[in-house]
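Below is one structure; the comments refer to it alone.
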Amino acid sequence: MRGYLPDFDVCVPASLGEALALMAQAPGTLTPLAGGTDLMVVYNAGRLKATRFLDLSSFEELRGIREEAGALTFGALTTFTELRECRAVHQHFPNLVKSARATGALAIQNRGTLGGNIANASPAADTPPSLLAYGAEVELRSVRGSRRVAYDRFHLGYKAMDLAPDELVAAIHVPLPTGRGFHYFRKVGTRQAQAISKTCLAAYARIEDGCVAELRIGVGSVAPAPIRARHAEAVLLGQPLASLPMAAAREALLADISPIDDIRATARYRSVVTRNVLGHMLRELATL
Ligand SMILES: Cc1cc2nc3c(=O)[nH]c(=O)nc-3n(C[C@H](O)[C@H](O)[C@H](O)COP(=O)(O)OP(=O)(O)OC[C@H]3O[C@@H](n4cnc5c(N)ncnc54)[C@H](O)[C@@H]3O)c2cc1C
């Protein structure tokens, strides 16, 4: 059954400063509302507790994509459509474009935001593997000021984040890659659109003198939160493209992931397919 509308209230502060002050006065009592594409599903299912929403939509400080200090900075309210349409994102971060294209369908991409995708903390969300692969940082803001957290330390467990009750996700900073890069993104779902991932893998590698000089692999839907595949990365780092230890990397990935059975896939399916996707990624990397 749906939530009961009179149980809900929407607070529309005049400024971001006022919003942060309200959050500080009564931490945890206001629910930030960005695109609403996750929150309205929970409301519709009757699983959202009575709350005051904090409408973020009018805060220009949380919008826009800009290049600064060797990074692209994405305001938390950046939509998937904006990610898809931004030339600089195509140029530097093709995995983010693919993640955005793979999210829901056009209506969701028009409303859903990058900040919401992160703060909803679903292990199956589609931009987190790409953000992990690109070494992103999350900027959090409260009345106490701003702080940055490396995105690979932001998710602490299932729906648990390094985000205080009085903090907002303000922006996501993604360092511009340098040198010869390899980008890979693959989402496996039931359909090409409107499908939550059964598994999702994104990778970024920098190649120097024919060897893997830098590598980050992000995976989704195979652990309580989006994670880096650090064991697999360690096996591959420094290796020549001509003789990548593919079997050892696939084996090492087992130590990174802890998939479960759910309505979308079995743990065994997720384990086998994620390793197959890693194998596909490595065969593409080897031909660079
Ligand atoms: C039909 C449908 C299909 C979907 N398909 C996909 C898919 O394929 N892949 C995928 O990854 N997701 C999918 N989603 C989920 C959803 O669209 C995304 O997670 C989206 O990014 C959420 O963003 P939002 O702005 O709508 O968040 P909201 O619903 O507004 O908020 C989500 C959560 O984040 C919190 N929040 C939002 N912004 C901030 C902020 N700046 N600071 C702190 N907390 C914040 C909210 O309080 C809430 O807890 C789908 C949803 C629907 C309804």
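Just so you know, these numbers use all the heavy atoms, side chains as well, and skip hydrogens, waters and symmetry mates. All ligand and atom numbering here is 1-based and tracks the order in the structure.
- The N/O atoms of T31, backbone and side chain alike, include none that comes under 3.5 Å of an N/O atom in ligand 1.
- When the options L54, D38, L140 are ranked by their closest heavy atom to atom 14 (N) of ligand 1, first place goes to D38.
- Contact annotation: for L56 versus ligand 1, heavy atoms closer than 4.0 Å belong to the side chain alone.
- In the vicinity of G35, heavy-atom distances shorter than 4.0 Å reach the ligand 1 atoms 24 (P), 25 (O), 26 (O), 30 (O).
- For atom 4 (C) of ligand 1, the nearest protein heavy atom (residue, atom name, distance) is G104 CA, 3.9 Å.
- With sequence neighbours excluded, no residue forms a side-chain hydrogen bond (donor to acceptor under 3.5 Å, both in side chains) with H92.
- By the 3.5 Å distance cut-off applied to N or O atoms, E167 is not counted among the residues near ligand 1.
- Checked against the 6.0 Å centroid threshold, F93 and H183 do not count as a close aromatic pair.
- For atom 47 (O) of ligand 1, the closest non-hydrogen atom on the protein side is P32 O, 2.6 Å.
- L30 and L33 sit in two unconnected hydrophobic clusters of ILVMFWY residues. Membership requires side-chain heavy atoms under 4.5 Å apart, directly or through other members.
- With sequence neighbours left out, D55 forms a salt bridge (charged side-chain N to carboxylate O under 4.0 Å, His left out) with no residue at all.
- For atom 21 (O) of ligand 1, the choice among I172, T113, T127 with the nearest heavy atom turns out to be T113.
- Checked by atom type, the side-chain pair S99/D126 shows no donor-acceptor distance below 3.5 Å.
- Residue M23 does not touch ligand 1, judged by heavy-atom distances below 4.0 Å.
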